[in-house]
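Numbers here are sequence positions counted from 1.
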Amino acid sequence: MDKPFREARREDSVGLIPTGGSAPHREDLSSKIKEQKIVVDELSNLKKNRKVYRQQQNSNIFFLADRTEMLSESKNILDELKKEYQEIENSEKTKIKK
């Protein structure tokens, strides 16, 4: 039986947390990056004939989705999370230097 993947949505990960307290935000981003890496890894290692499902936002309904499209989208989300994390790291380094 195919197991549905919970889609990691941009709304779940990017831009919802206030950046005023960067330490909690950085920790949250770190955990989201770990989650997203797992999603990408799982999607990457699926056999070609396996089905992937996308969860309807704010519900328990799943719809059949294209595996390669989901993988691409998940990689893009991971890249965005990494970029945001790096920006926080860089801004903290510049604050320390000043």
From [atom1] ([X]) to [atom2] ([Y]), nearest 0.5 Å:
X   : Y   : atom1 : atom2 : answer
K37 : D41 : NZ    : CG    : 10.5 Å
D79 : I33 : CG    : CD1   : 10.0 Å
K82 : K75 : NZ    : NZ    : 10.5 Å
N76 : L71 : CG    : CG    : 9.5 Å
E80 : Q36 : CD    : CD    : 9.5 Å
E84 : L29 : CD    : CG    : 4.5 Å

Between the side chains of R54 and E73, is the shortest nitrogen-to-carboxylate-oxygen separation below 4.0 Å, so that they form an ion pair?
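Yes, E73 and R54 are salt-bridged.
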Identify, with sequence neighbours excluded, every residue that meets side chain to side chain contact (heavy atoms under 4.5 Å, CB included) alongside [X].
X   : answer
S31 : D28
K34 : S30
E87 : K83

Is the backbone N or O of S59 less than 3.5 Å from a side-chain atom of Q55, with the two atoms forming a donor-acceptor pair by type?
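Judged by distance alone, yes, a pair lies under 3.5 Å.
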Just by modelled atom types, is the E69 backbone N or O under 3.5 Å from a matching donor or acceptor in the S72 side chain?
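No; zero donor-acceptor contacts below 3.5 Å.
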Which atoms form the tightest heavy-atom contact between S74 and V39, and what is the distance?
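For S74 and V39, the tightest heavy-atom pair comes out as OG-CG1, 3.6 Å.
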Locate the shortest heavy-atom distance separating L43 from R67; write the atom from each residue and the value.
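Answer, listing the atom of L43 first, then R67: O-NH1, 3.5 Å.
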Would you kindly confirm whether F62 and L64 end up in one hydrophobic cluster when ILVMFWY residues are joined by side chain heavy atoms under 4.5 Å apart?
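Same cluster: F62 reaches L64 through Ile, Leu, Val, Met, Phe, Trp or Tyr contacts under 4.5 Å.
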